[in-house]
Participant: 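Structure in structure tokens, see below.
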Amino acid sequence: MGLTTVPRTRGRRLFGIGARGGFAGYLFITPSLIFLFVFLILPILAALYYSFSDYDLMSAPRFAGIKNYRNILGDIRVSRAVLNTLFFAFGTVPTGTVLALVLALLVDRKIRAIYAFRAAFYLPVVSSFVAVSLIWLWFYEPQFGFFNDILELLGLPR
């Protein structure tokens, strides 16, 4: 029996760096990770920090412990707000799910006037594109367009 040796590339495989180019994958996800950190994780941590402090935007935050949470639990409006939130969530989520399932089943059926139903079903998607295109047409309108007004303010010809 012989001794087996551990390959020297073990550390490189941990990060996926090697012949398969795993490092490029980390480079590709770096902007997404930065975005998530700046706009999701950092605000959550800041909110947690400020929830344990007295802060009025005019002076520096002072640590208050769980005083804010005791104040919230002692407020009579909190129980009503929680009840309203639960009522809204349990009322809208199942209704929206069932309605989406029924519409998806109707789109797939062979019924009379299916093309009119599909057109009506898809109309909100198309109408938003139409609204956006009309706004851009207004921006670029030669006589009274928004961009031409800005050019005129800068002293340039329309």
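Every heavy atom of this structure was used, including side-chain atoms; hydrogens, water molecules and symmetry mates were not.
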Participant: Minimum heavy-atom separation for Ile114 to Val107, with atom names?
Facilitator: CD1-O, 3.9 Å
Participant: Under 30°, 30 to 60°, or over 60°: which ring-plane class applies to Phe63 and Phe52, parallel, tilted or perpendicular?
Facilitator: parallel
Participant: Under 4.5 Å between side-chain heavy atoms, hopping through other hydrophobics if needed: is there a path connecting Val125 to Val130?
Facilitator: yes
Participant: List the atom of Ala120, the atom of Pro124, and the distance in Å for their closest heavy-atom pair.
Facilitator: O-CD, 3.7 Å
Participant: According to the side-chain hydrogen bond (donor to acceptor under 3.5 Å, both in side chains) rule, which pairs have a member within residues 136-153, sequence neighbours left out?
Facilitator: Asp149-Arg158, Glu152-Arg158
Participant: Can you name the closest pair of heavy atoms from Tyr50 and Pro61 and give their distance?
Facilitator: CE2-CG, 3.9 Å
Participant: When you compare the side chain of Leu57 with that of Tyr55, does any pair of heavy atoms fall below 4.5 Å?
Facilitator: yes
Participant: Of all the heavy-atom pairs spanning Ser51 and Leu48, show the shortest one and how long it is.
Facilitator: OG-O, 2.7 Å
Participant: Rounded to the nearest 0.5 Å, how far does CG of Leu45 lie from CG of Leu40?
Facilitator: 9.5 Å
Participant: Mind checking the CG-CG spacing from Asn68 to Leu73? Nearest 0.5 Å is all I need.
Facilitator: 11.0 Å
Participant: Decide yes or no on side chain to side chain contact (heavy atoms under 4.5 Å, CB included) for Leu33 and Phe37, but give the supporting numbers first.
Facilitator: CA-CA 6 Å; Leu33 292 177; Phe37 181 75; over 6 Å; no
Participant: Tell me if the CZ atom of Phe146 is crowded by more than 12 foreign heavy atoms within 6.0 Å.
Facilitator: no
Participant: Look up atom CZ in Arg80 and atom CZ in Phe87, then write down how far apart they are to the nearest 0.5 Å.
Facilitator: 9.5 Å
Participant: Please check: side-chain N/O of Asp54 versus main-chain N/O of Arg62, any donor-acceptor pairing under 3.5 Å?
Facilitator: no
Participant: Taking all non-hydrogen atoms of both residues, which atom of Arg109 and which atom of Arg118 are closest, and how far apart?
Facilitator: O-NH2, 4.4 Å
Participant: Could you list the residues that satisfy ring-ring contact (aromatic ring centres under 6.0 Å, His included) with Tyr122, not counting sequence neighbours?
Facilitator: none
Participant: By ring-ring contact (aromatic ring centres under 6.0 Å, His included), which residues pair with Phe35, not counting sequence neighbours?
Facilitator: Phe39
Participant: For the NZ atom of Lys67 and the CZ atom of Arg70, what is their distance to the nearest 0.5 Å?
Facilitator: 9.0 Å
Participant: Mark yes when over 12 heavy atoms from residues, nucleotides or ligands other than Asp108 sit less than 6.0 Å from its CG; otherwise mark no.
Facilitator: no
Participant: Can you tell me how far apart CD1 (Ile34) and CG (Leu42) are? Round to the nearest 0.5 Å.
Facilitator: 12.5 Å
Participant: According to a 4.5 Å side-chain heavy-atom criterion applied to Ile, Leu, Val, Met, Phe, Trp and Tyr, with indirect links allowed, do Phe28 and Leu36 form part of one hydrophobic cluster?
Facilitator: no
